[in-house]
Every structure is written in structure tokens, then in C-alpha cells.
Amino acid sequence: MAQTLIEPRTLRGFRDYPPELQLPREELLAKARQVYRSYGYLPMDTPALEYAEILLGKGGEETDKQLYRFRDHGGRDVALRFDLTVPFARFAAEHIQRYGTPFRRYHIGPVWRGENPQRGRYREFVQCDFDTIGTTSNAADIEVVFVIYDLLRTLGFERFQVHVNHRWVLNGLLEELGLVERTVAVLRALDKYGKIGREGVEEELRTQAGLESGQAGKILDLAEIRGSPAEILEHLEKTFGHQVKVARGIACLRELYAVTRAAGLPEGVVQLDLRIARGLDYYTGTVYETFLDDLPGIGSVCSGGRYDNLASLYTKQVLPGVGASLGVDRLLAAMQELNLLPASYATAPVLVVFFVADKLALYMEVAGRLRRAGIGAEVYPEAKKLREQLAYANKRGHRLAVIGGEDELTRGVWQVKDLRAQSQHTVADADLVTTVQRILSG
RNA sequence: GUGAGAGUAGCUCAACCGGCUAGAGCACCAGACUGUGGAUCUGGGGGUUGGGGGUUCGAGUCCCCUCUCUCACCCCA
């Protein structure tokens, strides 16, 4: 009876993760977890689905429009989370008494946004956040830089910069220039500097923010100050240091720069960049963006900032915090482009050849022995020809093949074939594990 | 959501101006080389040319709709 086949396909903006993508992704996330934990961040997660009222109106009209929202079977008005910050705010309002402050957590999970997909932008993607809430201390802000640094180093990146700015500096400047009520438009324009350049920003400042060219020029001149963090701060101090907010921002940034240097971050990692504003009016203090020297075009791979009050919509307890989010997809794309991903996708380095059809138990046993020693071992599932099994091992990227035919089994030995070095050793059954270990570590 | 470009085998591409049964390389599967991988040889499966409709004697090719991808706006990971 003929049956109509269903066309296999995924939704627009959603995608599969085949092994060659999922493997590096899992490894990346494992490394991120390791770094987060080393700083004392605790893991947590929240439901994918929340009451719509929890998620609505938290990120402005734009995010409301992007919300996947529907009625569940019980008629409840629900929506998929579009970031991890809002669910965290709800969580904190509900549970923070149990943990007290300061509280550090990391949170890795998928989020959903019904926006128009582009390269590297999907409707479902993973966020990888870390935050410290319940403290206004600049120490927490400074630590964020260390976390970002360790994250990227652990992932194998060496050439990158953490661009830092402070909202107080920007706000103070705008106050000084009498542009407070245009803050959002000005910062939005400024934030595009890397993309549209000075002329573009100037244009936008005039048309979108309604500035006169003199004001626009002033802002641009400031944004374009180049130099070491110390030099930029000095310049700022001289020109706008009399403004209270600017002065406070400068003090924070100065401490951040001094501490990161004194505590071991190499020179050049931290850059002061007056152009980064981080669109959302959500951030109120330090803001961060991280750029790879070799791939500036892909944008920031780790961004975040400080906010005054995380959960004001759900609780009267004031919960200030600071944190950032790792751009998992961008980093994977970057690692692919910079050849930082392994060429082999074998999760087990050893293939145990299934040679003699009625000796399966022996092969299973030896594979188990290898695994107990921490060495991944795969037993070929069919007693096919040796050449085919070796071809399989080669194609799949197994480093070693363990071969036991009639001959070896009667002598109590194994052939250990190194597919990469194209060499082969005969080893006694008792020495197998140590031999394999030695080859793999060397 | 708005605007622009693109969709031919799993991948990269071919098919003059609309004209024979839509091809090639790689990949995949089977077999050979009869206990040792990347090679070679032989054979094979795969396509309703993204889908639907229209024009035409005839459409992969022209027109309309739709889906998907890419780019820009917006926003951001």
C-alpha cells in the first residue's frame, strides 16, 4: 500500500546539529562550564515555557513582537523564553532568599526569537550567560573581564580584545551636552560606529537623534579618542572630569584597568572604547564587548554589562548585577574559520576489530577494559573483512585499531595498529591497556 | 515585518537562444584485490531541476504565487 511520504524538513530559522557541529559545540560548552565553575558560578536552568506575562514587556516592543506565544492545552497564555536574563530575574525574585547575595550563576540553554534569520542568526539558539547579582561592587565588574579572558583562552583563542565602556561616562557626557532626553537615539547611533563609520554615525546623529552638527562632532571626537586605556582616561578626565557622572565612570574604569593589569592580564587585552553602548537601555554601568583580532567582522563574541535592578518587575528586593553572555554560534563559526576545530570526529580513539565471528565476548571484554582505563573504544558490529573494518576506522578518524585474529588469540596477544603513524605492534594481552595509553599520550 | 538576490543528486557545479532519456567530479552502497586503512578497477542507488500554477507543440530555462537560503533595514547571540 502506497503511503505518502512526509517531506523531511526543519522550520525556518531552526536547524539540525549533525555530529561535526554538535561535537565541537558540546566541547565548547563543556569548557565554558569548567571556566564558570572555577570562578564559583553555580549552574541553573529554568523552563523553556513561561507565562507570557512574565516575559512580555521586558525588552521593549521589539522583543514582544519576536516572542513565540500561544495558548497551551489548558488555555494558558504562554511563551517561549527569548533570553535567559528575564527567566533568571523571575527565578531570583522567587528564590533568592534561599541563596542570599551575592549570588553567581551560569545558565546555558536554548532560547527562541521569531525574528528574520540571517547567517549566524537563528530563531532557536543557545545562550551561555553568567551573572553576579546582589552586589554593586566594582570588583564584580572587574571579574567579568577575567572570566571573559579565561573563556577565550580556554577555547584556544589568543588574539582578542575586551572592549569596555561605562554608561556613567556616556550619560555624563550627554548631560553635559544637554542631550539627556536623546540618550537612546544617540547611543544607538554610536553603537553602529564599527559598522557604518564616522560619516554614517554623524548622519544618524543628525537625522535620527536630531543633533546639530556641532554636537554630533563633539560626540564623535570623543568616541574616536585612541590610545591606551590610561591615555583615554586622562584625556576624558581633563575635558569632562568636572562632570560628576563622568568622574564616577572614570574612577570605575580606572580601577578596572589597574586591577586587571596588576592581577595578571596581559597588556592590550582590555581596551577602553567609548563607542560601545550596548543598545538596550537596560545596561546602566560597565559594558563589555569582545572582538577577535583575526575576525573582527563577526562582531562581539562575548557581551554584557551591569544593570541596576534585575528583577524590579517581580520583587521589591533590589538586585543589582553584572554579567555577560558568550556567543556560542559566532565562536563556533570563528573556530571553524581559524581551524581551531579538530579534523577527526571519532569520539572513541580505539576501534576493536571484530575478527573471529564466535569470539565477540573477547572483543567486548577487551573494549570494556580499555574504557575502564578511560580510553574510548568502539567494537565494530559485524565480523566483516579486516580491510573493510580498517577502512572504516580510517574514515571515521579512529587513531588505533586493536586486532585479534585466530593467530593472536591462540598466542594471547593483540595487534595494535596506529592508523596515523602507520605502524603496528604486537603486545601481550596483559600489556594492552598500558601500550594503548602510551601511544595515545605520546 | 519591509526591500534585494539566489535555489539543478548528500556536496561542488554543467546543460547554446525554450528543444533528444537533465550530466560530471567527489561522496555513498555492493563486489574484486581472498588477515591489514587513504589507492585502483567493476557495477549500483540516487533528481517529479525547492513546491504549486500559468504561457508554449515543447519549460531546468519565460511569467505569477509559495517555501527555503543569503544580504540590507531593525535588533541582537
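Residue numbers start from 1 in every chain, and the chains themselves are labelled A, B, ... in the order their sequence lines are given, proteins ahead of strands. Being a predicted model, the structure only gives us computed values, none of them experimental.
- Of all heavy-atom pairs between Gly397(A) and Ala346(A), the closest is O-CB, 3.5 Å.
- When all heavy atoms are compared, the tightest approach of Gly376(A) to Pro349(A) is O-CD, 3.2 Å.
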For this session: In sequence, state the C-alpha distance, the side-chain angles, and the governing distance for Glu365(A) and Arg369(A), and then conclude on salt bridge (charged side-chain N to carboxylate O under 4.0 Å, His left out).
Result: CA-CA 6 Å; Glu365(A) 188 279 324; Arg369(A) 223 192 299 161; 2.9 Å; yes
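- Salt-bridge annotation for Arg69(A) and Asp77(A): present, with a side-chain N of the basic residue lying under 4.0 Å from a carboxylate O of the acidic one.
- Contact annotation for Gln127(A): backbone-only contact, meaning every heavy-atom pair under 4.0 Å involves sugar-phosphate atoms and none involves a base.
- Between Tyr193(A) and Glu224(A), the side chains place a donor N or O and an acceptor N or O closer than 3.5 Å (distance only, hydrogens not considered).
- At rC74(B), one or more side-chain N or O atoms of Lys192(A) fall inside 4.0 Å of OP1 or OP2 (strictly under the cut-off).
- Using a 4.0 Å heavy-atom distance criterion, Glu289(A) is classed as making no nucleic acid contact.
- For Arg105(A) and Phe88(A), the positive end sits near the middle of the six-membered ring, less than 6.0 Å away and at most 45° from its axis.
- Cation-pi geometry between Arg113(A) and Phe82(A) is not satisfied (NZ or CZ under 6.0 Å from the ring centre, within 45° of the ring normal).
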Would you list the protein and nucleotides 10-12 of chain B atom pairs, both N or O, that sit under 3.5 Å from each other?
none

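- Distance, Tyr68(A) OH to rG1(B) P: 10 Å, rounded to whole Å.
- Checking Glu408(A) against Trp414(A) by side-chain atom types alone, no donor-acceptor pair falls below 3.5 Å.
- The separation between Glu388(A) atom CD and rC33(B) atom C1' is 12 Å, rounded to whole Å.
- Atom CZ in Arg330(A) sits about 15 Å away from atom P in rC75(B), given to the nearest Å.
- Judged by distance alone, the side chains of Asp131(A) and Tyr307(A) do bring a donor and an acceptor atom under 3.5 Å apart.
- If you measure from atom CD of Gln66(A) to atom C1' of rC76(B), you get 8 Å, rounded to the nearest angstrom.
- Atom C1' of nucleotide rA77(B) and atom CG of Asp129(A) are separated by 9 Å, given to the nearest angstrom.
- A cation-pi contact, defined as under 6.0 Å to the ring centre and within 45° of the axis, links Arg25(A) to Tyr17(A).
- When the P atom is compared between rU12(B) and rG58(B), the two are found 34 Å apart, to the nearest whole Å.
- Distances from the side chain of Arg188(A) to the nucleotides rC76(B), rC75(B), rG37(B) place rC75(B) closest.
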Quick test: give all pairs of protein nitrogen or oxygen and nucleotides 67-70 of chain B nitrogen or oxygen below 3.5 Å, distance rounded to 0.1 Å.
{"residue": "rC69(B)", "atom": "OP1", "partner": "Gly13(A)", "partner atom": "N", "Å": "3.1"}
{"residue": "rC69(B)", "atom": "OP2", "partner": "Arg12(A)", "partner atom": "NH1", "Å": "2.6"}

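- One atom, OH of Tyr392(A), and another, P of rC29(B), lie 11 Å apart when rounded to the nearest Å.
- Comparing rU56(B) with rA72(B), their P atoms are spaced 42 Å from each other, to the whole Å.
- Comparing the P positions of rA22(B) and rG31(B) gives an interatomic distance of 30 Å, to the nearest angstrom.
- The backbone N or O of Leu319(A) sits less than 3.5 Å from a side-chain atom of Asn309(A), completing a donor-acceptor pair.
- By the criterion of a centre-to-centre distance under 5.5 Å and near-parallel planes under 30°, the ring of Phe355(A) forms no stack with the base of rG35(B).
- As judged by a 4.0 angstrom heavy-atom cut-off over every strand, Ala391(A) is placed among residues touching the sugar-phosphate backbone only.
- Between Lys395(A) and Ser325(A), the residue whose closest nucleotide on RNA chain B is further toward the 5' end is Lys395(A).
- Between Tyr149(A) and Phe160(A), the ring planes are tilted. Angles from 30° to 60° get that label.
- Nucleotides rU68(B) and rU49(B) are separated by 15 Å at their C1' atoms, to the nearest Å.
- rC57(B) and rG51(B) have their C1' atoms separated by 26 Å, given to the nearest Å.
- Across all strands, Asp407(A) comes closer than 4.0 Å to base atoms (heavy-atom distances).
- Residue Arg123(A) comes nearest to Arg12(A) through the heavy atom pair CD-O, 3.3 Å, listed as atom of the first residue, atom of the second, then distance.
- One P atom belongs to rC28(B), the other to rC11(B), and the distance between them is 15 Å to the nearest Å.
- Here the P atom of nucleotide rG1(B) and the CG atom of Asn116(A) are 7 Å apart, to the nearest Å.
- Donor-acceptor pairing under 3.5 Å, judged by distance alone, is absent between the side chain of Gln424(A) and the base of rG37(B).
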Please list, for nucleotides 39-46 of chain B, all pairs of protein and nucleotide N/O atoms separated by less than 3.5 Å.
{"residue": "rA39(B)", "atom": "N6", "partner": "Arg387(A)", "partner atom": "NH2", "Å": "3.2"}

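- Under a cutoff of 6.0 Å and an axis angle of 45°, Arg37(A) and Tyr106(A) do not form a cation-pi pair.
- Helical stems in RNA chain B, defined as runs of 3 or more consecutive Watson-Crick or G-U wobble pairs with both donor-acceptor distances under 3.5 Å, are listed by first residue as B:1-7 with B:67-73, B:10-13 with B:23-26, B:28-32 with B:40-44, B:50-54 with B:62-66.
- Taking both residues in full, the closest heavy atoms of Tyr36(A) and Asp129(A) are given as CE1-O, 4.2 Å, listed atom of the first, atom of the second, then distance.
- Here, rG53(B) and rA59(B) have their P atoms 13 Å apart, quoted to the whole Å.
- Checked against side-chain contact (heavy atoms from CB on, under 4.5 Å), Ala140(A) has the following partners two or more places apart in sequence or in another chain: Thr132(A), Thr135(A), Arg306(A), Val322(A).
- When the C1' atom of rG38(B) is taken as reference, atom CZ of Arg399(A) falls 16 Å away, rounded to whole Å.
- Regarding contacts with the backbone of rG37(B), every side-chain N or O of Lys385(A) stays at 4.0 angstrom or more from both OP1 and OP2.
- When each of Val301(A) and Glu204(A) is assigned the nucleotide of RNA chain B with its nearest heavy atom, Glu204(A) is the one assigned upstream, toward the 5' end.
- Rounded to the nearest Å, the gap between the P atom of rG50(B) and that of rG10(B) is 12 Å.
- Contact between Ile298(A) and Leu292(A) at its shortest, heavy atoms only, is CD1-CD1, 4.1 Å.
- A donor-acceptor distance shorter than 3.5 angstrom exists from the side chain of His166(A) to the backbone of Trp168(A), with no hydrogens or angles considered.
- Set against rA77(B), rU36(B), rG37(B), the side chain of Phe125(A) has rA77(B) as its closest nucleotide.
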Could you list the protein-to-nucleotides 6-8 of chain B atom pairs, N/O on both sides, closer than 3.5 Å?
none

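- Here the closest non-hydrogen pair linking Val366(A) and Val352(A) is CG1-CG1, 4.0 Å.
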